[in-house]
Amino acid sequence: MLLDRILDFSHSLIKKAVQDGDFVIDGTCGNGHDTAFMAELVGESGHVYAFDIQEEAIQNTENRLKEKKLHDRVTLIHGTHGPVHEHLRSEHKNQIQAAIYNLGYLPGSDKSVITTPDETITSVKNVLSSLKKGGLIVLVVYHGHSGGREEKDALLEYVSSLDHKSYHVLNYGFINQKRTPPFILAIEKH
Ligand SMILES: C[S@@+](CC[C@H](N)C(=O)[O-])C[C@H]1O[C@@H](n2cnc3c(N)ncnc32)[C@H](O)[C@@H]1O
């Protein structure tokens, strides 16, 4: 298939944005796939902040990072991503190059523990104020589960309202699939 699938596209955007030495955020680390991917990209001199409200997710991410010997370049935060800026080291404030969020629930776990519209938007706002010019936020929006539609609608409304003089906002998704396929929202600060 010529067109990138959703997760491939999210990674290709992050890969374009992130270089050795960058400081980045995984707002929903889950099983740690995106955290490990970004930890590879930032190299030894960069840093990743990874959040999750579930102990199981933090544990899974830590195990994945240890296996790959990437744990030294990651701060794992067992807590909500809303006040994300409060966890950044002072030298990393306003220096964030990229952030990724995979919304929804942890695959294979409790489907009632989900990201929520208010907390996700608060987090995105806080990351936007810490983001460098040329920085990028990628949101992978899963919305087929209970509560997903409300988050999708609130996010679309919020990102559509961002000032075009400061941000480019992209919506990438397949529009002829059955059910409710995930899609990507990406925000570039310019
Ligand atoms: C779709 S999963 C993330 C998958 C992950 N990117 C991976 O690579 O496996 C969504 C995660 O968001 C977490 N989550 C839900 N609300 C959150 C919040 N307010 N702050 C941080 N994490 C949250 C869930 O616990 C769940 O692990």
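Model, not experiment: these values are computed from the prediction. Heads up: numbering here begins at 1 and tracks the sequence. In each ligand, atom 1 is the first atom listed, and ligand 1 is the first ligand listed.
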Using a strict cut-off of under 4.0 Å between a residue heavy atom and any atom of ligand 1, list the qualifying protein residues by chain and number.
Gly27, Thr28, Cys29, Gly30, Asn31, Gly32, His33, Asp34, Asp52, Ile53, Gln54, Gly79, Thr80, His81, Asn102, Leu103, Gly104, Tyr105, Leu106, Ile114, Thr115, Glu119

Residues in side-chain hydrogen bond (donor to acceptor under 3.5 Å, both in side chains) with Ser129, at least two apart?
none

For the backbone of Ile53 and the side chain of His78, can you confirm whether one donor and one acceptor N or O come within less than 3.5 Å of each other?
yes

Can a donor-acceptor pair be found, under 3.5 Å and without considering hydrogens, that links the side chain of Asp22 to the backbone of Gly46?
no

Parallel, tilted or perpendicular, as decided by the 30° and 60° cut-offs, for the rings of His87 and Phe51
perpendicular

Among Thr116, Leu185, Thr115, the one residue meeting side chain to side chain contact (heavy atoms under 4.5 Å, CB included) with Leu103:
Thr115

Do Phe23 and Glu91 come close enough that some side-chain heavy atom pair is under 4.5 Å?
no

